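Here the structure comes first, spelled out in structure tokens, and everything after it is commentary.
In the text below, chain A, chain B and the rest are named by the order of the sequence lines, each starting its count at 1. A quick note: this is a predicted structure, and the numbers were derived from the prediction, not measured. Note that these values count all heavy atoms, side chains included, but never hydrogens, waters or copies made by symmetry.
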There are 2 protein chains.
Amino acid sequence: MVGARATGSDTGTDESAPGIPSAGDTRVTDLIRDAIVRGEFAPNQRLIEADLSSAFAASRATVRTALLELAGEGLVERLPNKGSRVRAISLKEAIEILEVRIGIEGLCAAKVAEHLRAEDAAEFEWMRAQMIETVAEGDLVEYSLLNRLLDVRVRELSDHVTAAGILARLHAQSVRHQFKLSARPARAKVSVLEHVAIIDAILARDPVAAEQAVRTHLLSVIGALRDLTS
Amino acid sequence: MVGARATGSDTGTDESAPGIPSAGDTRVTDLIRDAIVRGEFAPNQRLIEADLSSAFAASRATVRTALLELAGEGLVERLPNKGSRVRAISLKEAIEILEVRIGIEGLCAAKVAEHLRAEDAAEFEWMRAQMIETVAEGDLVEYSLLNRLLDVRVRELSDHVTAAGILARLHAQSVRHQFKLSARPARAKVSVLEHVAIIDAILARDPVAAEQAVRTHLLSVIGALRDLTS
DNA sequence: GGAGACGAGATTGTCAACGATTTTGGATGG
DNA sequence: CCATCCAAAATCGTTGACAATCTCGTCTCC
């Protein structure tokens, strides 16, 4: 009985309905994290250990461990002696996250441009073509996936575990705010040009240009986010 | 479950209850973190829950909670079913941390330069004078403290909680590598010039120059770290 | 003599119950 | 009618014990 009293869809009676294998071998941490990222738990919603315990058919100690880990990832807020709740990311914080990403993703992009190998270049060329095509067709969902794929590949190829870890955490926190932007066709037309610029700089093996292209893109996202919510 | 605790009028209940974590109010998490940062626990040393439990006079669950939190901060590595150990920061990772700091501290410095207030400017001028003086006198310990103070103040004044949190975590992880550099007089003479450049840029309210000065400084640190360990 | 099976010891993961703390609702007095 | 205080509920933090898992020494067999 998870009290969904905050904003969001009424979870109704069946909590573990779709796609989730009911509390089997999968770790409880992953289940709760997915539930938060997918929006099944609203921001600021209290996460009561006993309720999660029965909802996921796990012991309260297991749930407690999961909440500790998620707090370490910044997804859950733990108030001493008052319980845990889904951490709400304010607009200010969402912009802060984007500002931090300028530095870190810029670093990653520069590293990729510096050490780009031939077989990886082909993949970037493919992504560039696909992005242009999907936006031209208006397939925003597919474009969003390509967008994410570019981020992930740059992160991987940068061979920078520290940056990759930070970016993964920041992404999980801000996935909801990003979602608000990804559904806007006008936004995509601007975004694709910036992404092409990033890929071009990487393919040109120009670290400085790559870093600058990432900065330009993320500043554009910040501006769009500000416009959207003002 | 009758609460025999009278609010306000506390008659007879003894202050020092037995059995309660008599180690004091200090959180076990802080104790273990300090022990790791201060080097009392060597890198890769196994942290056995039962041992820590008796060492800090806390229950195993409390120690477990602490280890979870520290794992979230990146100070402890948790291998499933194999236990926890102090995470060792390799040279490669120390350099990675410095590279990430370029982006984030550059962002913070730019923000400080942009919104600098008069009363804060005075403090930066004081720090600049103190830094020059301590290095001239060869007081490396005091200079190291000033160095750290500058970092902390920039972080605070930037009013950027996301960046501040990441920097705090990275600092805790790399404090040992930083320590190796701070004890070198020749290094201090170079470092102080770079720090003065950062402060000058902030006082000049020049965000771009501040960011660039931070980058120059941290690249210099990276170079020194590479030279030291090659 | 060496490789693999096997069992004892050690360590973590999980569970149910207890104690402490905060919050909430209601009674009481001004 | 409102502020205050107090009891009761709700929830978290902690404890001790038990089960699952891993490590390592030893033993047997080829």
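- Distance from the side chain of A:R60 is smallest to D:dG13 among C:dC15, D:dG13, C:dT14.
- The interatomic distance linking A:I48 (CD1) with D:dG13 (C1') rounds to 16 Å, in whole Å.
- Closest to the side chain of A:R78, from the set C:dT11, D:dG13, D:dC12, is D:dG13.
- Computed from coordinates, the B:L79 CG to D:dT21 C1' distance equals 14 Å when rounded to whole Å.
- Atom CG in A:L68 sits about 13 Å away from atom P in C:dG13, given to the nearest Å.
- Within the nucleic acid shown, A:L67 has no heavy atom closer than 4.0 Å to any nucleic acid atom.
- Looking only at atom types and distance, the side chain of B:S220 has no donor-acceptor partner in the side chain of B:R215 under 3.5 Å away.
- Of the candidate nucleotides C:dC15, C:dG13, D:dC12, C:dC15 has the atom lying nearest to any side-chain atom of A:S59.
- By the 6.0 Å contact criterion, NZ on B:K92 is enclosed, its count of non-hydrogen atoms from other residues, nucleotides or ligands being greater than 12.
- For B:R64, a side-chain nitrogen or oxygen approaches OP1 or OP2 of C:dG13 to under 4.0 Å.
- A donor-acceptor contact shorter than 3.5 Å is absent between the side chain of A:H171 and the backbone of A:L167.
- One finds a side-chain N or O of A:T62 lying less than 4.0 angstrom from the OP1 or OP2 phosphate oxygen of C:dC15.
- Closest to the side chain of B:N81, from the set C:dT11, C:dG13, D:dC12, is C:dG13.
- Rounded to an integer number of Å, the gap from CD of A:E49 to C1' of D:dT14 is 12 Å.
- Counting all heavy atoms, side chain and backbone alike, B:A109 lies closest to B:I202 at O-CG1, 4.2 Å.
- The B:K82 side chain lies nearest to D:dT23 when the options are D:dG13, D:dT23, C:dT12.
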